[in-house]
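The structure appears right after this line, and notes come after that.
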Amino acid sequence: MSQYVIAIDQGTTSSRAIVFDHSGNIVSTGQMEHEQIFPQAGWVEHNPIEIWDNVREVVGSALSKANLTRHDIAAVGITNQRETAVVWDKNTGQPIYNAIVWQDTRTQPIVDELARDGGAERFKQQVGLPLATYFSGTKIKWILDNVEGARAKAEAGDLIFGNTDCWVLWNLTGGVDGGVHATDVTNASRTMFMDLETLQWDQEILDAFGVPASMMPAIKSSSEVYGTVHTSQLLREVPVAGILGDQQAATFGQAAFQPGEAKNTYGTGCFLIFNTGEEIVHSKNGLLTTLGYKLGDAKPHYALEGSIAVTGSLIQWLRDNLNLISSAPEVEALAAGVENNGGVYIVPAFSGLFAPYWRADARGAIVGLTRFANKGHIARAALEATAFQTREVLDAVNADSGVPLTELKVDGGMVANEALMQFQADILGVPVVRPKVVETTALGAAYAAGLAVGFWKDLGELSANWGEDKRWEPQLPADEQERQLRLWKKAVTKSMDWVDDDVR
Ligand SMILES: Nc1ncnc2c1ncn2[C@@H]1O[C@H](COP(=O)(O)OP(=O)(O)O)[C@@H](O)[C@H]1O
Ligand SMILES: O=P(O)(O)OC[C@H](O)CO
């Protein structure tokens, strides 16, 4: 019997392939970054062909590093940056435009137009999301409205849409030669088009956006066999059996299966997901209602989500735009060189503010500058921004659920930063807990795929794999915590009301 499962993690900054064994341990990894394309202020694109090439490459390197062949692999799981929209011609396999990335804000005029009739919460009851540039829907509309000939081709049934899970699945299973055009409920719940109760595309909302239903993939569960890898590829005939959007995958990989459990993933952005079980909870505090997971024919699990657009990408900005550091981990030493933030606060509202504010008119602000401030203070403020934003999201989760979380499970690239984790515990006032396997995103997708083919037998087996690596206890006195939070909130007000007719 095959002893491993492979997960493909198609993320915002890189694509990874990770091979896991039955205990959920990493056996080997392949990883490649792809180009971030910024054609104009506020626009962010990826090249879908580059992404697919990289996916094939990283699968190859993960297999070869561990000396494995397809016979060793029981199933493939896919996880992905959510919302990023790819539209391609199903007859040629060619995208008609670059992928428009979740951070991209070009569709604000479309959002404003749709909100004129019913406000930003117009579709929230059905789909759990406010109208915002973040989700796939307005991006698809933008492509249809702006790429020459696109609308006619879409109406003729030649164009299809997918988030990057769907793009990878279609290509893995053969592309123009019979590729499977499907997605899972978690990805579908990020488009603006899926009804949370029926788990089907909502025709009225598709019509309001002017998106033909024929473009949309079939909506499947998160754990079932969607198809097998095409015979032309390394993993030929291996079943593709799990798909979860990356934040839901991390929640699954953290074994947060019970209602009331939560995790926070610190990557390009930060995403706190709170499992609400089989209940659809509508937030009164700026959180999204989203699908948590659905295993085969079982009932779906729902979740509340606090999405923060900019956390790790602020560290990349210090590296790439300000040249303050030459690699992300260097931010730790720079920040450790000063005693505190020196009164400096950075509100990284590069794409407006997401949860819990949802303010498209906000833009990044550095406040509290004096002649005293130096680059160490900027580095410190950049890290602290992640912790403050997370605190505001956790407050919203606590307010919605009525039962305060007593600890926070964390994962993602930034949790390597121990000083940040301590500050996070200080600002939250609850312990922060890091698991032994921090690649929970890929692990969650592997779990979903492995469950579908019987590699793992049930959720209990997965929970038993979870192990604690490190825990940070809060140490900051309550009055100091509150003072800092007040200052942060004051800084947030300074970032708002910036975008107007002069700034677009
Ligand atoms: N030691 C560190 N301190 C702070 N941020 C870090 C550190 N190491 C990596 N990062 C940030 O973490 C992010 C990468 O995390 P990862 O989980 O791989 O992201 P994603 O899945 O979104 O591509 C980058 O944005 C990087 O700036
Ligand atoms: O690729 P990541 O880890 O930055 O995650 C992106 C999110 O899915 C966006 O909603």
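Ligands are counted one by one from 1 in listed order, and the atoms in each one are counted from 1 as well. Values below: all heavy atoms of this structure, side chains included; hydrogens, waters and symmetry mates excluded. Keep in mind that what you see is a predicted model, and the values were worked out from it rather than measured.
With a heavy-atom cut-off of 4.0 Å, E332 touches ligand 1 through its side chain alone. Counting heavy atoms closer than 4.0 Å to ligand 1, residue D9 contributes nothing at all.
Of all protein heavy atoms, the one closest to atom 21 (O) of ligand 1 is R16 NH2, 3.6 Å. Of all protein heavy atoms, the one lying nearest to atom 24 (C) of ligand 1 is Q316 NE2, 3.5 Å. If you check which protein heavy atom lies closest to atom 3 (N) of ligand 1, you get N417 ND2, 3.0 Å. Protein heavy atom closest to atom 10 (N) of ligand 1, with residue, atom name and distance, is A328 CB, 3.8 Å. Residue, atom and distance of the protein heavy atom nearest to atom 11 (C) of ligand 1 are M414 CG, 3.7 Å.
Taking the centre of each ring, W488 and F423 stay at or above the 6.0 Å mark. Between W43 and W142, the distance from one ring center to the other falls under 6.0 angstrom.
In this view, F193 and F209 satisfy the ring-ring contact (aromatic ring centres under 6.0 Å, His included) rule, not counting sequence neighbours.
In this structure, T386 and C270 approach most closely via the heavy-atom pair CG2-SG, 4.3 Å. Of all heavy-atom pairs between A442 and I18, the closest is CB-CD1, 3.8 Å.
Some N or O of T13 is nearer than 3.5 Å to an N or O of ligand 1, by distance alone. On a distance-only criterion, G312 and ligand 1 share at least one N/O pair closer than 3.5 Å.
Within the 4.0 Å heavy-atom shell around ligand 1 one does not find A416.
Taking each of C270, G413, S15 in turn, the one with a heavy atom nearest to atom 8 (N) of ligand 1 proves to be G413. Taking each of T440, T268, D320, T441 in turn, the one with a heavy atom nearest to atom 22 (O) of ligand 1 proves to be T268.
A salt bridge is absent between K284 and D400; no separation between the charged side-chain nitrogens and carboxylate oxygens falls under 4.0 Å.
Ring-plane geometry between F388 and Y345 is classed as tilted, the angle between the planes lying from 30 to 60 degrees on a 0 to 90 degree scale.
Residues lining ligand 2 at a heavy-atom distance below 4.0 Å are given as G11, T12, Q81, R82, E83, W102, Y134, D246, Q247, T268, F271, ordered by chain and residue number.
Set against the non-hydrogen atoms of V331, the atoms of ligand 1 under 4.0 Å away are 3 (N), 4 (C). Near S313, with a cut-off below 4.0 Å to any heavy atom, the atoms of ligand 1 are 25 (O).
Put simply, the residue from L172, V58, T79 that forms a side-chain contact (heavy atoms from CB on, under 4.5 Å) with I8 is L172. Screening N163, D165, N80 for a side chain to side chain donor-acceptor pair (under 3.5 Å) with T183, the sole residue that qualifies is D165.
Side-chain polar atoms of T290 and S189 form a donor-acceptor pair below 3.5 angstrom. Side chains of S136 and R190: no donor on one and acceptor on the other come within 3.5 Å.
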Verdict with reasoning, F252 to F257, per ring-ring contact (aromatic ring centres under 6.0 Å, His included): CA-CA 7 Å; F252 207 70; F257 304 129; 5.0 Å; yes

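A donor-acceptor pair under 3.5 Å is formed between the side chain of E224 and the backbone N or O of S221.
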